[in-house]
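One structure below.
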Amino acid sequence: MLQVNYIRENREKVLERLSIRNFKQPELVDEIIKIDEERRQTQTSLDSISAEANAAAKQIGDLMRTGKKEEAEAIKAQTTSHKENIKGLSEKLAELETSQFNLLVQLPNLPGELVKKGSTAEENETIYTYGEPAKLPGKALPHWELAAKYDIIDFELGVKITGAGFPVYKGKGARLQRALINFFLDHAVDAGYKEMQVPHLVNAASGFGTGQLPDKEGQMYHSTVDDLYLIPTAEVPVTNLYRDVILKEEDLPIRNTAYTPCFRREAGSYGAHVRGLNRLHQFDKVELVQITHPDQSYETLEQMSEYVQSLLKELGLHYRVLRLCGGDMGFTSAMTYDMEVWSAAQERWLEVSSVSNFETYQTNRLKLRFKGATGKTQLAHSLNGSALALPRIVASILENYQTENGIKIPEALVKYTGFDRID
RNA sequence: GGAAAGCUGGCAGAGUGGUCGAAUGCGGCAGUCUUGAAAACUGUUGACUGUAACAGGUCCGGGGGUUCGAAUCCCUCGCUUUCCGCCA
């Protein structure tokens with residue numbers, strides 16, 4: 001959520017930045033400023049009447065204590081109008097605050113300086129490409145056929161016990177999952193992240209803190225009996241660890257990592273691009289979350305991007321890095337890098353990681369602040385990235401490492417899987 | 001699932017209608033002392049809003065009510081803890 005004061009004092013800049021995203025409702029900005037004007041006037045009136053009422057109440061108290069009952073009663077008679085005024089103004093203020101809030105949550109984050117204007121994925125900038133497409137045998141298979149051939153991932157069985165998008169991993173397939181999780185966690189810890197294990201269900205306040213609520217309510221599974229949401233990513237619980245927290249400046253940066261399953265309803269998805277492991281309702285992911293000083297966040301974003309790339313290199317995958325254009329970025333992000341791995345068998349790029357700087361968009365909602373040397377509290381910056389999401393990495397490994405006689409396991413993974421070939 | 005107690009500042013904890021944004025202790029910060037540290041002592045130390053700066057306003061789990069006045073009384077919701085039951 002953007003800060004009202006910032007919007008009020010930087011109207012032109014806000015509009016200019018929103019246009020980078022091709023944001024469709026720039027008029028919201030002026031509506032917010034207008035309501036804010038009225039809100040502040042109402043607040044001022046309410047404050048001064050409250051001050052009068054407080055003074056009168058105090059006076060009555062003093063008079064009562066000194067036994068001057070008649071005088072107290074006289075003042076009491078005069079103060080009845082305060083009550084109504086205060087009630088009226090409070091209600092008006094509450095209404096204004098609600099409407100302002102409802103408008104504010106509709107504004108996405110402002111893109112950072114490096115972000116290019118654009119509206120679709122085609123306008124993303126490819127800023128780096130690594131490796132070469134894998135050379136595959138003549139009849140290369142997509143991963144869903146490989147999964148069936150070697151009986152390592154069973155989509156039908158998942159349909160039987162739950163539904164589409166909930167695969168069952170079997171034998172070496174299951175072992176590969178576990179190996180990847182350990183591989184990713186070990187590397188994250190080696191890179192200085194602290195491993196956390198967090199709840200997989202969160203309350204509404206947490207959903208709001210990281211921006212899933214109210215915008216993406218329909219994307220989360222919701223246990224209505226208990227009013228808890230299944231996490232769509234570890235970002236939600238891990239970032240919310242710091243909700244309503246004022247850190248010390250020397251505590252920054254905070255670098256956490258967590259493995260969790262992720263649950264996404266993916267309402268409205270369909271077609272060839274969601275086949276097999278490409279899009280699931282439940283999948284595993286190791287996530288990185290950092291809380292940094294505002295001066296450090298873009299440098300940190302680069303470091304996180306480098307780190308994710310180091311994993312892909314170690315797995316020997318041909319990938320590219322995109323800097324998303326304004327229109328393709330997530331609602332809450334100020335700048336995002338996507339890492340995509342080339343799938344030779346599907347002949348398309350698969351997004352395997354997304355690393356974003358949210359600047360103060362999340363921390364403003366979370367009230368995640370730090371106290372600097374000056375003693376002044378200010379909002380920290382939050383960042384996160386997948387390192388990595390399993391399904392498409394599994395798909396990439398299966399497809400790009402397939403041979404005539406089985407699937408080769410990337411060298412770096414063998415000590416985790418305990419086998420070097422799936423056949 | 002049943003019963004009870006509780007929710008106050010970074011933490012512990014006092015406070016049952018006005019002098020309470022809130023005692024006291026711990027912690028934090030600054031200083032005195034010390035070669036340095038510890039101890040001791042002194043001072044200081046909540047957040048939000050607002051102002052050029054003062055002032056002012058709001059916040060004692062959330063919401064509502066009673067009252068001139070609510071941390072304190074009433075209603076309601078939420079949460080936590082303890083005991084019993086069940087159970088990995």
Side-chain angles (χ1 to χ4, degrees), chain A residues 1-9 32-33 35-102 104 197-209 213-214 222-229 237 240-252 254 261 291 360 362-380:
Chain A
M1 195 160 65
L2 300 177
Q3 293 163 272
V4 195
N5 289 354
Y6 184 84
I7 296 175
R8 190 172 68 223
E9 287 157 23
I32 287 167
I33 292 172
I35 288 183
D36 191 52
E37 188 68 29
E38 199 180 345
R39 196 202 96 234
R40 288 188 301 149
Q41 278 174 16
T42 309
Q43 180 79 63
T44 306
S45 313
L46 178 61
D47 285 358
S48 57
I49 293 178
S50 298
E52 282 178 37
N54 287 345
K58 194 163 198 166
Q59 213 181 337
I60 291 167
D62 290 341
L63 291 170
M64 294 291 250
R65 221 169 308 110
T66 50
K68 296 175 183 162
K69 220 164 180 183
E70 296 77 26
E71 286 179 51
E73 289 299 329
I75 295 172
K76 227 193 249 195
Q78 292 166 20
T79 56
T80 46
S81 68
H82 284 143
K83 245 185 149 176
E84 282 171 35
N85 286 336
I86 287 174
K87 195 179 161 107
L89 285 168
S90 300
E91 280 168 7
K92 187 179 173 193
L93 187 64
E95 275 171 35
L96 288 166
E97 281 172 349
T98 304
S99 359
Q100 184 172 60
F101 176 83
N102 289 339
L104 270 174
Q197 202 169 99
V198 291
H200 300 165
L201 280 85
V202 294
N203 55 31
S206 296
F208 174 78
L213 296 175
H222 185 196
S223 170
T224 50
V225 189
D226 298 298
D227 195 22
L228 294 173
Y229 295 85
N240 272 281
L241 295 172
Y242 305 93
R243 171 153 49 84
D244 292 321
V245 167
I246 300 176
L247 295 161
K248 294 194 205 103
E249 186 165 351
E250 60 263 32
D251 294 336
L252 300 174
I254 284 173
I291 312 295
T360 59
Q362 290 184 329
T363 55
N364 187 33
R365 290 183 171 212
L366 292 160
K367 296 195 175 41
L368 198 185
R369 292 160 292 176
F370 70 94
K371 203 185 281 261
T374 57
K376 195 169 157 56
T377 57
Q378 58 175 314
L379 293 170

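Each chain gets a letter, A, B and so on, in the order its sequence line appears, and its residues count up from 1. Note: hydrogens, waters and symmetry copies are ignored here, and every other heavy atom, side chains too, is used.
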One character per nucleotide, please: for nucleotides 51-73 of chain B, 5' to 3', B when the base has a protein heavy atom closer than 4.0 Å, S when only the sugar-phosphate does, - otherwise. -----BSS------S-BBS----
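- Under a 4.0 Å N-O distance rule, the pair A/E73/A/K76 qualifies as a salt bridge.
- At the phosphate of B/C48, OP1 or OP2 sits under 4.0 Å from a side-chain N or O atom of A/T377.
- Summarising the geometry, the separation between CD1 on A/I75 and P on B/G18 is reported as 18 Å, rounded to the nearest angstrom.
- With sequence neighbours left out, the ring-ring contact (aromatic ring centres under 6.0 Å, His included) criterion links A/H200 to no other residue.
- The distance from atom CD1 of A/I246 to atom C1' of B/G27 is 16 Å, rounded to the nearest whole Å.
- Per the geometry, CD belonging to A/Q41 stands 14 Å off P belonging to B/G50, to the nearest Å.
- Using atom P as the reference point in both B/G31 and B/U81, the two lie 42 Å apart (nearest Å).
- Atom name C1', nucleotides B/C41 and B/C7: the rounded distance is 37 Å, in whole Å.
- Between A/P237 and A/P199, the shortest heavy-atom distance links the atoms CG-O, 3.7 Å.
- Annotation: B/C77 and B/C26 have their P atoms spaced 41 Å apart (nearest Å).
- Between A/F101 atom CZ and B/U49 atom P the separation is 16 Å, expressed in whole Å.
- Both distances falling under 3.5 Å, in either a Watson-Crick or a G-U wobble arrangement, occur for no nucleotide opposite B/G50.
- A distance of about 23 Å separates the C1' atoms of B/C29 and B/G13, rounded to the whole Å.
- Pair check for B/C20 finds none; no Watson-Crick or G-U wobble contact set falls under 3.5 Å.
- Counting only N and O atoms by type, the side chains of A/T363 and A/R369 include no donor and acceptor under 3.5 Å apart.
- Classification of A/K367 and A/D244 as a salt-bridged pair fails, no side-chain N sitting under 4.0 Å from a carboxylate O.
- Distance noted for atom C1' between B/C68 and B/G17: 12 Å (whole Å).
- Here the separation of B/A71 from B/U19, taken at their P atoms, is 9 Å to the nearest Å.
- Between the CG atom of A/D226 and the C1' atom of B/G1 there is a distance of 14 Å, given to the nearest Å.
- Here B/G10 presents its P atom at 18 Å from CZ of A/F370, a figure rounded to the nearest Å.
- Pairing for B/A5 goes to B/U80, judged as Watson-Crick or G-U wobble with the two contacts each under 3.5 Å.
- Nucleotide B/C48 holds its P atom 15 Å from the CG atom of A/L366, rounded to whole Å.
- A donor and an acceptor atom, one from each side chain of A/N102 and A/S99, are nowhere located under 3.5 Å apart.
- Across the strands present, B/G69 finds no partner; the criterion is a Watson-Crick or G-U wobble pair with both atom distances under 3.5 angstrom.
- In this structure, CG of A/L93 is placed 11 Å from C1' of B/U49, rounded to the nearest angstrom.
- For B/U32, the paired base is B/A40 (Watson-Crick or G-U wobble, both distances below 3.5 Å).
- For B/C11, the paired nucleotide is B/G25, the pair qualifying as Watson-Crick or G-U wobble because both relevant distances are below 3.5 Å.
- Base pairing of B/C60 is not made with any nucleotide, judged by Watson-Crick or G-U wobble geometry with both donor-acceptor distances under 3.5 Å.
- The pair A/K58-A/D62 does not meet the salt-bridge criterion, since no charged nitrogen lies less than 4.0 angstrom from a carboxylate oxygen.
- B/C20 and B/U8 have their C1' atoms separated by 12 Å, given to the nearest Å.
- Looking only at atom types and distance, the side chain of A/E9 has no donor-acceptor partner in the side chain of A/N5 under 3.5 Å away.
- Side-chain contact of A/Q100 with A/R39: a donor-acceptor pair under 3.5 Å is present, judged by distance alone.
- When the side-chain nitrogen and oxygen atoms of A/K371 are compared with OP1 and OP2 of B/A47, one or more of them lie within a distance under 4.0 Å.
- Taking atom C1' in both B/G21 and B/G57, the straight-line distance is 13 Å, to the nearest Å.
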